[in-house]
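These notes concern the structure reproduced below.
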Amino acid sequence: ASGGAYEKDGEASDGSGSDADSDADEAGGDEARPDAYSPKTWVNSIFEGVLTNETKCLSCETVTSRDERFLDLSLEIEQNSSVSACMRNFSASEPLRGENKFFCDTCCALQEAKKCMRIKRLPNVLALHLKRFKYMEQLQRFKKLSYRISFPQELKVTNTAEGMEQPDRKYRLLAAVVHVGSGANHGHYVSIVRSQGHWLLFDDESIELVDEASLGSGCGSPDATSA
């Protein structure tokens with residue numbers, strides 16, 4: 001699969017923006033002020049959330065944060081993994097050292113630091129993009145990573161910023177987009193969508209019922225490699 005969409009558990013996603021407004025006091029920051037949040041379009045009211053980029057100086061332990069809005073999250077993937085594991089890896093700490101040292105305003109100097117991304121305001125529908133196409137230096141081209149990735153029916157988002165209301169909010173799987181083909185320059189996309197308690201596969205003009213268990217067991221090959 002190349003991506004999936006999860007809706008808030010127990011809530012309808014009608015694009016009205018009511019949930020975005022009720023969660024607005026969680027956003028914070030100048031660009032995403034909670035009291036000033038107003039979706040630009042119905043797309044924003046459904047898919048828009050807020051990320052905070054946190055960088056901690058390892059010398060003085062000052063934490064610097066910067067907020068940015070998002071419509072989807074791009075996740076690195078690994079073989080025989082799941083969307084839940086990819087989400088956890090998304091917020092894994094990244095060390096900043098050597099040539100990548102962070103300039104700390106408190107220390108007024110370049111310092112070693114740790115950086116991570118956390119979700120500060122969750123959207124009504126969480127759209128996830130699985131990064132299946134990777135540029136391979138040895139091949140001088142993009143290669144499709146046909147790794148097996150399972151899609152849980154229920155997703156618990158735990159990589160949220162401190163102080164956020166309902167930090168362990170749950171989402172239900174709503175849809176998935178699957179790339180059929182072996183390469184980045186050719187292939188075909190199909191969609192699998194939950195509708196009235198059933199899962200439907202949309203392949204151009206063809207529509208058919210599919211088994212819910214097929215998403216839970218994973219999309220991709222369990223024997224695929226990155227080389």
Side-chain angles (χ1 to χ4, degrees), residues 1-54 65-77 81-92 115-132 149-179 189 191-196 199 202 215-216 219:
S2 298
Y6 285 81
E7 65 176 351
K8 288 181 181 177
D9 191 18
E11 298 177 4
S13 303
D14 59 2
S16 64
S18 58
D19 280 338
D21 294 337
S22 65
D23 291 340
D25 60 336
E26 302 164 5
D30 294 330
E31 279 299 314
R33 284 181 56 86
D35 52 337
Y37 178 74
S38 178
K40 295 180 180 179
T41 68
W42 61 268
V43 174
N44 298 85
S45 71
I46 297 173
F47 297 104
E48 188 174 83
V50 176
L51 280 175
T52 183
N53 188 336
E54 298 178 350
S65 61
R66 185 183 74 253
D67 293 349
E68 58 184 82
R69 297 184 180 185
F70 69 89
L71 295 177
D72 62 77
L73 300 179
S74 293
L75 308 178
E76 300 285 349
I77 63 175
S81 185
S82 67
V83 170
S84 299
C86 294
M87 281 291 290
R88 288 192 295 270
N89 292 337
F90 177 79
S91 291
K115 181 178 72 171
C116 70
M117 298 287 288
R118 297 192 182 278
I119 301 175
K120 198 167 187 178
R121 182 170 57 77
L122 289 163
N124 288 324
V125 175
L126 179 62
L128 304 176
H129 162 232
L130 302 185
K131 300 171 71 172
R132 283 203 177 273
I149 307 294
S150 64
F151 284 72
Q153 292 295 317
E154 188 177 85
L155 179 67
K156 187 176 182 180
V157 179
T158 58
N159 45 344
T160 52
E162 291 185 10
M164 178 180 147
E165 294 184 7
Q166 297 179 296
D168 295 331
R169 183 171 297 156
K170 294 179 181 179
Y171 284 81
R172 288 190 306 153
L173 183 61
L174 180 65
V177 177
V178 181
H179 179 265
Y189 284 97
S191 298
I192 304 174
V193 180
R194 174 166 51 82
S195 176
Q196 298 181 352
W199 285 95
F202 292 84
L215 285 167
C219 297

Within this structure, what is the [atom1]-[atom2] distance for the pair [X] and [Y], rounded to the nearest 0.5 Å?
X	Y	atom1	atom2	result
Glu68	Met117	CD	CE	4.5 Å
Ser81	Glu76	OG	CD	11.5 Å
Asn53	Lys115	CG	NZ	5.5 Å
Leu73	Met87	CG	CE	5.5 Å
Thr160	Arg118	OG1	CZ	7.5 Å
His179	Tyr189	NE2	OH	4.5 Å

Quiz item: Who pairs with Ala127 by side chain to side chain contact (heavy atoms under 4.5 Å, CB included), at least two apart in sequence or on another chain?
Solution: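 Partners of Ala127 under the side chain to side chain contact (heavy atoms under 4.5 Å, CB included) test: Phe47, Asp72.
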Quiz prompt | Which residues share a side chain to side chain contact (heavy atoms under 4.5 Å, CB included) with Thr41, sequence neighbours left out | solution =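 Partners of Thr41 by the side chain to side chain contact (heavy atoms under 4.5 Å, CB included) criterion, ordered by chain and then number, come out as Val43, Asn44.
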Non-hydrogen atoms of [X] and [Y] that approach each other most closely:
X	Y	result
Phe151	Ala176	CE2-CB, 4.4 Å
Pro123	Glu48	CB-O, 3.4 Å
Val83	Ile149	N-CG2, 3.9 Å
Pro152	Leu173	O-CB, 3.8 Å

Quiz item: Of Leu126, Leu128, Val125, which meets side-chain contact (heavy atoms from CB on, under 4.5 Å) against Tyr171?
Solution: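 The option that passes is Leu126.
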Exercise. Side-chain contact test, heavy atoms from C-beta onward, threshold under 4.5 Å: evaluate it for Leu155 versus Ser84 and give yes or no.
Key: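 Touching, per the 4.5 Å side-chain cut-off.
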Quiz prompt | Pair Ile119-Leu51, side chain to side chain contact (heavy atoms under 4.5 Å, CB included): steps then yes or no | solution = CA-CA 5 Å; Ile119 301 175; Leu51 280 175; 3.8 Å; yes
